[in-house]
Participant: 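Could you have a look at this structure, given as structure tokens, before my questions?
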Amino acid sequence: MMLSKRLQAIASCVDEDVILADIGSDHAYIPCALAKAKMIKKAYACDVNEGPLENARKTIARYGVGEKVEAIRCNGLAGIGEDTEEIIIAGMGFDTIQTILEDSYEKLRHYKKIIVQSNHDVKQLREWISDRPFTIIEEKLVWEGFYYQIICFRFDENAKKLSEDACEYGVLLREDPLYPAFLRHQMKKIDEILEQLSPKHEKYTLFQQKRDQILRKIAEANKL
């Protein structure tokens, strides 16, 4: 079963022999791929809308994994199996991810791993994690016409607050082979903004400082 690069990277974060819940699963590609490969015990493909659930049921039937993957209509984490060990919340904006996490906040401490991939505002996502008793345990980068950042975290009552720098550029991303290219991409976007701004613009200095910060990050990455 072929998965996109983004979905492959997310799937690779799931531990073997766990019970998984994929929130906003749509076509249930990740649960079905993992079940087909006999990588997981069981999975819940979850969505709040009937349309995506019907897509999920078709995928489940197509790959013959009905004994391991169950399509469930639920809002966020409400209604997923109590035996769930790891969850995926991916392909959404930060606001939606935040709502899902906060609506079932008490459940989060019980999961071995929470895998999230926000399409934007990743810094805010890390800040949300940092402000609560969670520790980031894994991060990945994927290029698929856009740099996607995948973050895995878990409950940790001894968790330390992240620095602003870590929230912006990641905790473990520097270990990713794509990290230098990701930084150069970020700097290119800053350069494009600076080209449009007058040096007298109130935000020009701010963007120039950010560019300098990224340059330092690139220099550090090149030494690794």
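The analysis underlying the following values was restricted to heavy atoms, covering all of them including side chains, and did not include hydrogens, waters or symmetry mates.
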Participant: Please work out whether the ring planes of Phe155 and Phe134 are parallel, tilted or perpendicular, with thresholds of 30° and 60°.
Facilitator: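 Ring orientation, 0 to 90° scale: perpendicular.
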Participant: Quick one: CD1 on Ile193 to CD1 on Ile190, what's the gap to the nearest 0.5 Å?
Facilitator: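 Reported value, rounded in 0.5 Å steps: 4.5 Å.
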Participant: State plainly whether the residues Arg126 and Glu139 are in salt-bridge range, i.e. N to O under 4.0 Å.
Facilitator: yes
Participant: Where is the tightest heavy-atom contact between Ile72 and Leu53, given as atom of each residue plus distance?
Facilitator: O-CD2, 3.4 Å
Participant: Is any NZ, NE, NH1 or NH2 atom of the basic residue among Lys123 and Glu164 found under 4.0 Å from an Asp or Glu carboxylate oxygen of the other?
Facilitator: yes
Participant: In terms of hydrophobic clustering (I, L, V, M, F, W, Y; side-chain heavy atoms under 4.5 Å; direct or indirect links), are Leu206 and Leu194 co-clustered?
Facilitator: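 No, because Leu206 and Leu194 fall into different hydrophobic clusters, even though each may have its own neighbours under 4.5 Å.
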Participant: For Arg57, is there an ion pair with Glu50 - N to carboxylate O distance below 4.0 angstrom?
Facilitator: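 Salt bridge: yes.
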Participant: Distance under 6.0 Å and angle within 45° of the ring axis: does Arg174 meet both against Tyr179?
Facilitator: no
Participant: Between the side chains of Asn55 and Tyr29, does any donor sit under 3.5 Å from an acceptor?
Facilitator: no
Participant: I'd like to know whether Ile115 forms a side chain to side chain contact (heavy atoms under 4.5 Å, CB included) with Ile89, so could you lay out the CA-CA distance, the side-chain angles of the two residues, the decisive distance to 0.1 Å, and finally the verdict.
Facilitator: CA-CA 6 Å; Ile115 303 163; Ile89 309 174; over 6 Å; no
Participant: In terms of side-chain heavy atoms, does Lys140 have a donor or acceptor partner in Ser12 at a distance below 3.5 Å?
Facilitator: yes
Participant: Quick check on the hydrophobic clustering: are Ile151 and Ile100 connected, directly or via other members, by side-chain heavy-atom contacts under 4.5 Å?
Facilitator: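 Yes; tracing contacts between hydrophobic side chains, which count when under 4.5 Å, links both residues.
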Participant: Looking at CG of Leu141 and NZ of Lys5, how far apart are the two atoms once the value is rounded to the nearest 0.5 Å?
Facilitator: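 Here the interatomic distance stands at 13.0 Å.
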Participant: Measuring from atom CG of Leu7 to atom CD of Gln117, what distance do you get when rounded to the nearest 0.5 angstrom?
Facilitator: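 So the CG of Leu7 and the CD of Gln117 are separated by 8.5 Å.
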